[in-house]
Asks: 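Structure in structure tokens, see below.
First the proteins, then the strands, lettered A, B, ... as listed; each starts at 1. Values reported hereafter were calculated over all heavy atoms of this structure, with side chains retained and with hydrogens, waters and symmetry mates removed. Note that the coordinates shown come from a computational prediction; the quantities given were computed from them, not determined experimentally.
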Number of protein chains: 2
Amino acid sequence: MKPTTPAAEDYLKTIYAHTEWQPDPITPRVLATRLGIAPSSVTEMVKKLAADGFIAHVPYGPLTLTPAGRIRATAVVRRHRLIETWLVRELGYTWDEVHDEAEVLEHAISDRLLEAIEAHLGHPTADPHGDPIPAADGSSERVPAVLLADAAPGHAGTVLRVSDRDPAVLRALAEAGIGPGSRLAVVDATTVRLPAGELHPLAAEAARAIWLTS
Amino acid sequence: MKPTTPAAEDYLKTIYAHTEWQPDPITPRVLATRLGIAPSSVTEMVKKLAADGFIAHVPYGPLTLTPAGRIRATAVVRRHRLIETWLVRELGYTWDEVHDEAEVLEHAISDRLLEAIEAHLGHPTADPHGDPIPAADGSSERVPAVLLADAAPGHAGTVLRVSDRDPAVLRALAEAGIGPGSRLAVVDATTVRLPAGELHPLAAEAARAIWLTS
DNA sequence: TGTAGGCTTTAGGCATGCCTCAATCTGACC
DNA sequence: GGTCAGATTGAGGCATGCCTAAAGCCTACA
């Protein structure tokens with residue numbers, strides 16, 4: 001199988017991550033925005049990734065991972081999430097501080113080190129944000145979930161995952177004591193009720209970052 | 001101060017490491033060999049590093065670090081050695097397995113993570129090979145030492161440091177139970193006497209990799 | 001003193017991965 | 001069915017960091 005550069009891995013990871021949160025395949029425009037680069041740069045890299053068999057792409061169409069691309073992507077995601085877990089559990093990081101560090105380290109650690117960290121942590125199945133950590137074979141469990149922003153008023157559930165994309169959202173939630181495992185009831189799109197009964201306002205970004213049990 | 005790329009840091013680190021083991025300044029040729037690249041590539045990078053104030057160089061002359069270059073170099077060495085220490089102490093690596101991993105990670109971890117690892121390890125002063133770990137301000141203790149290959153027959157001393165460059169040498173020494181802290185007596189350039197009295201043959205590379213108390 | 005051979009530098013190229021700017025396509029709306 | 005905005009692509013450039021090949025320098029030895 002063709003080797004992948006750190007840049008290529010970021011593309012694959014971002015395409016994969018999009019499918020975890022959205023049903024529709026990602027477009028070049030959105031991918032460029034996520035990666036913080038120009039759309040034309042995406043065009044170029046997409047050409048290479050398609051030629052190498054990692055993504056399927058017809059001109060002017062959306063981007064989807066091939067099975068080979070999905071394997072690569074889940075390997076990167078696995079690294080990212082194990083590193084995040086390690087930083088929080090072993091080195092005193094908080095869940096809003098780990099993303100940028102993991103973003104770099106995921107391209108730097110060897111398979112050997114990854115396995116050592118995983119064993120050291122006792123083979124965790126989820127990272128500090130509740131995101132599932134894919135197994136070495138790429139498999140990962142999917143739990144039925146609903147985005148808080150999409151949940152009907154009155155819906156109650158347990159927080160399964162919180163997107164690690166926006167540190168400010170994570171800090172605000174941590175301050176409110178909300179994290180994976182928290183019980184929440186949806187009052188409306190911007191308000192939730194905590195177990196103690198108190199109402200808590202949520203920014204729109206926060207409502208789009210939280211997945212609840214359905 | 002000018003930022004440095006991973007490639008530039010490798011140059012500075014290698015120039016610095018040379019001064020730790022050899023009194024003469026390094027030449028472009030030797031630097032190219034150490035880095036595994038063509039001499040002309042060194043010429044180019046040297047031009048940039050000199051322009052940025054990190055090394056002093058007159059055409060056709062040897063390479064020496066400026067104070068700014070030395071600060072940068074010791075910072076990289078500090079990272080490298082703390083990472084090696086962490087891999088051995090926390091993750092079950094042996095001392096011959098850590099070099100390549102640290103070579104990559106030293107360019108990837110943040111200052112924040114470096115400090116966290118250092119604190120986690122209890123601020124070690126030497127890595128698994130006995131190499132001193134520079135403090136955050138760049139200072140590091142220098143102990144009078146003699147290269148085993150240069151030691152007079154009959155000289156006895158404690159192993160202070162073993163170069164981490166050649167994993168095969170490290171494995172052979174580990175097998176013989178020789179490491180930092182070991183007592184050795186020099187019989188000749190290729191033989192040492194262990195504390196138990198037995199003679200042990202040393203490859204020439206090993207004799208040039210071991211520093212003894214003088 | 002002259003010159004061979006090694007070291008260093010220069011010149012010109014290549015791959016990666018980004019950019020801007022301009023051209024082309026697509027889909028939605030009139 | 002035509003038009004237009006926005007998305008996508010293509011062309012041409014730039015920085016980094018490596019390469020090979022050729023030219024220039026330097027020294028040691030005859």
Asks: Could you tell me if the ring centre of A:His99 sits under 6.0 Å from that of A:His80?
Replies: yes
Asks: Any side-chain to backbone donor/acceptor pair from B:Glu97 onto B:Thr94? Under 3.5 Å, distance only.
Replies: yes
Asks: Identify the heavy atoms of B:Ala209 and B:Val169 that sit nearest to each other, and give their distance.
Replies: CB-CG1, 4.2 Å
Asks: Within 45° of the axis and under 6.0 Å from the centre of the six-membered ring of B:Tyr93, does NZ or CZ of A:Arg112 qualify?
Replies: yes
Asks: Using atom NZ of A:Lys2 as one end and atom C1' of C:dA15 as the other, report the distance to the nearest whole Å.
Replies: 15 Å
Asks: With rounding to the nearest 0.5 angstrom, report the CD1 to CZ distance, A:Ile83 to A:Arg78.
Replies: 11.0 Å
Asks: Between D:dA7 atom P and A:Ile37 atom CD1, what is the distance in whole Å?
Replies: 16 Å
Asks: Give the rounded distance in Å between these two atoms: NE2 of A:His57 and P of D:dA7.
Replies: 15 Å
Asks: Please identify which of these residues, B:Glu20, B:Glu106, B:Glu103, meets the salt bridge (charged side-chain N to carboxylate O under 4.0 Å, His left out) condition with B:Arg81.
Replies: B:Glu20
Asks: Going by number, which of residues 10-20 of chain B have a non-hydrogen atom under 4.0 Å from DNA chain D?
Replies: B:Tyr11
Asks: Checking salt bridge (charged side-chain N to carboxylate O under 4.0 Å, His left out) between A:Arg79 and each of A:Asp127, A:Asp111, A:Asp10, which is the one that passes?
Replies: A:Asp111
Asks: Could you check whether any side-chain heavy atom of A:Pro39 comes within less than 4.5 Å of a side-chain heavy atom of A:Pro28, counting everything from C-beta outward?
Replies: no
Asks: I need the residues from residues 38-50 of chain A with at least one non-hydrogen atom less than 4.0 Å from DNA chain D; give them sorted by number, or say none.
Replies: A:Pro39, A:Ser40, A:Thr43, A:Lys47
Asks: What is the distance, to the nearest angstrom, from the OH atom on A:Tyr60 to the C1' atom on D:dG6?
Replies: 12 Å
Asks: Please list residues of residues 26-36 of chain B whose heavy atoms come under 4.0 Å from any atom in DNA chain C, ordered by number; otherwise none.
Replies: B:Thr27, B:Pro28, B:Arg29
Asks: Hey, does the side chain of B:Glu101 reach the backbone of A:Ser110 with a donor-acceptor pair shorter than 3.5 angstrom?
Replies: yes
Asks: Ignoring hydrogens and geometry, is there a side-chain-to-backbone donor-acceptor pair from A:His129 to A:Trp95 under 3.5 Å?
Replies: yes
